[in-house]
Amino acid sequence: MPCRREKSGAGQMELTPREEEILKEIDRDRIPVHVAMIMDGNGRWARERGLPRSAGHRQGVETVREVVRFSNYLGIKVLTLFAFSTENWRRPLQEIDFLMSLPEQYLQSELPELVRNNVRVKLLGDPERLPEKVRRAIAKGLEATSSNSGMLLNFALNYGARMEIVRAVRAMLRDLQQGKLKETDISEELFAGYLYTAGLPDPDLLIRTGGEFRISNFLLWQLAYSELWFTSVYWPDFGRIHLLQAIRDFQQRERRFGRISPEQR
Ligand code: V07
């Protein structure tokens with residue numbers, strides 16, 4: 001019996017012949033479980049068109065919509081998007097204001113579809129510094145999708161990996177002092193449980209758009225064994241075809257997690 005793929009809740013999707021071509025080279029049973037993305041190049045995309053940076057960010061949200069839909073369709077279980085770093089507060093105030101309007105905008109238009117498609121939304125990062133209206137919009141999104149069991153959509157917002165690690169150390173020390181754990185309990189697994197990503201599998205694949213070859217303080221602990229995929233394509237131009245290429249390349253790589261390959265043995 002042919003295997004039908006609608007369980008993820010994404011339903012049908014019309015693919016272009018080029019997309020179909022790449023999809024045929026992909027093993028649908030080996031889709032990366034967790035994909036993380038650094039969505040870079042929005043400002044340059046705008047500048048090259050003589051547009052304000054905000055136009056790049058707005059177009060970037062369109063890409064988020066499309067990527068979320070398509071990831072769900074492909075059966076990715078966890079999608080983690082780096083939306084705003086702890087370093088981004090150094091940007092001009094006007095740009096920050098605009099960026100801070102995007103979570104609400106996105107959730108306002110997408111929440112019904114996210115709910116329908118069984119997607120669960122989560123925040124990675126410190127909500128404390130976020131404006132009240134952003135916190136409220138996100139709380140509503142979390143609440144409305146909290147019982148969903150399909151794809152988990154993580155937005156890293158006011159996120160920095162070193163800060164995440166420091167925060168985890170503090171929380172662990174607190175538990176140590178309160179006698180909830182002892183020094184010999186400390187292990188990689190225990191420590192991972194204090195991170196924002198507690199309970200989630202590490203990313204199998206990190207995609208960075210925009211032509212830079214850096215990790216930029218994103219998921220430092222969690223990316224230890226991830227496959228990294230870089231493209232010069234700007235985030236607003238990133239599309240289904242690129243995600244398909246990334247997954248195809250991912251499947252052609254040999255993941256060893258520090259072991260030697262069998263033919264070397
Ligand atoms: C932002 C669009 C994508 C390109 C990168 C910068 C601009 C979606 C969100 C978002 C965040 C939280 C949430 C729902 C949506 C977002 C910011 C910037 C700050 F719960 N896109 N996007 N947030 N950009």
Side-chain angles (χ1 to χ4, degrees), residues 35-49 51-72 78-115 117 119-146 148 151-160 196-197 206-212 214 216-219 231-239 242-243:
V35 179
M37 300 190 186
I38 300 177
M39 310 184 283
D40 198 18
N42 302 281
R44 278 168 287 156
W45 180 91
R47 192 173 63 225
E48 287 180 12
R49 284 162 179 75
L51 298 169
R53 290 175 64 82
S54 58
H57 297 321
R58 191 175 303 117
Q59 197 56 42
V61 177
E62 287 309 312
T63 303
V64 171
R65 291 192 168 98
E66 185 69 17
V67 163
V68 168
R69 251 182 235 128
F70 196 51
S71 298
N72 195 25
V78 185
L79 179 66
T80 300
L81 303 178
F82 201 2
F84 193 87
S85 77
T86 47
E87 286 77 35
N88 286 155
W89 295 108
R90 293 188 214 137
R91 301 240 178 122
L93 199 61
Q94 190 197 331
E95 183 173 349
I96 291 175
D97 277 349
F98 185 82
L99 287 167
M100 285 301 139
S101 74
L102 297 178
E104 195 179 4
Q105 227 182 77
Y106 173 85
L107 289 171
Q108 208 143 58
S109 69
E110 297 303 290
L111 204 48
E113 185 180 320
L114 295 173
V115 171
N117 288 342
V119 174
R120 186 159 48 103
V121 177
K122 228 190 102 173
L123 177 77
L124 306 186
D126 183 4
E128 286 301 300
R129 248 190 106 178
L130 297 173
E132 179 61 29
K133 71 172 172 74
V134 176
R135 277 194 308 218
R136 256 205 304 271
I138 292 175
K140 187 179 154 200
L142 265 56
E143 162 84 19
T145 63
S146 63
N148 286 353
M151 186 175 81
L152 174 62
L153 174 57
N154 290 317
F155 284 103
L157 202 58
N158 190 26
Y159 174 88
Y196 291 123
T197 49
L206 171 77
I207 295 175
R208 180 175 185 143
T209 63
E212 309 287 352
R214 293 191 284 269
S216 299
N217 203 19
F218 188 44
L219 301 174
T231 176
S232 57
V233 169
Y234 296 148
W235 178 254
D237 290 328
F238 187 83
H242 305 107
L243 182 52

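Quick caveat: nothing in here was measured; it's all calculated off a predicted structure. Atoms within each ligand, like the ligands themselves, are counted from 1 in listed order. Just so it is clear, the values below take in all heavy atoms, side chains as well, and ignore hydrogens, waters and symmetry mates.
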(message) Between R136 and E132 (salt bridge meaning N to carboxylate O under 4.0 Å), is one present in this structure?
(response) yes
(message) I'd like to know if E143 pairs up with K140 as an ion pair, taking the criterion as any Lys NZ or Arg NE/NH1/NH2 lying under 4.0 Å from an Asp or Glu carboxylate oxygen.
(response) no
Roughly how far apart are [X] [atom1] and [Y] [atom2], rounded to 0.5 Å?
{"X": "S54", "Y": "D97", "atom1": "OG", "atom2": "CG", "answer": "12.0 Å"}
{"X": "T145", "Y": "L107", "atom1": "OG1", "atom2": "CG", "answer": "8.5 Å"}
{"X": "N42", "Y": "W235", "atom1": "CG", "atom2": "CH2", "answer": "8.5 Å"}

Does ligand 1 have a heavy atom under 4.0 Å from the side chain of [X], from its backbone, from both, or from neither?
{"X": "V61", "value": "both"}
{"X": "I138", "value": "side chain"}
{"X": "L157", "value": "side chain"}
{"X": "L107", "value": "side chain"}
{"X": "T63", "value": "neither"}

Shortest protein contact, [atom] (heavy atom only):
{"atom": "atom 5 (C) of ligand 1", "result": "N42 ND2, 3.6 Å"}
{"atom": "atom 1 (C) of ligand 1", "result": "L102 CD1, 3.7 Å"}
{"atom": "atom 13 (C) of ligand 1", "result": "F155 CD1, 3.4 Å"}

(request) If the plane angle is over 60° it's perpendicular, under 30° parallel, otherwise tilted; pick one for F218 and F82. (result) parallel
Atom indices of ligand 1, in the order listed, that fall short of 4.0 Å to a heavy atom of [X]:
{"X": "W235", "value": "3 (C), 4 (C)"}
{"X": "Y106", "value": "14 (C), 15 (C)"}
{"X": "G60", "value": "2 (C), 3 (C)"}

(request) Please tell me if the side chains of N158 and W89 come closer than 4.5 Å, counting only heavy atoms from C-beta onward. (result) yes
(message) For atom 6 (C) of ligand 1, tell me which residue out of G41, A83, G56 has the closest non-hydrogen atom.
(response) A83
(message) Donor-acceptor check, side chain of N117 to backbone of V119, threshold 3.5 angstrom: yes or no?
(response) no
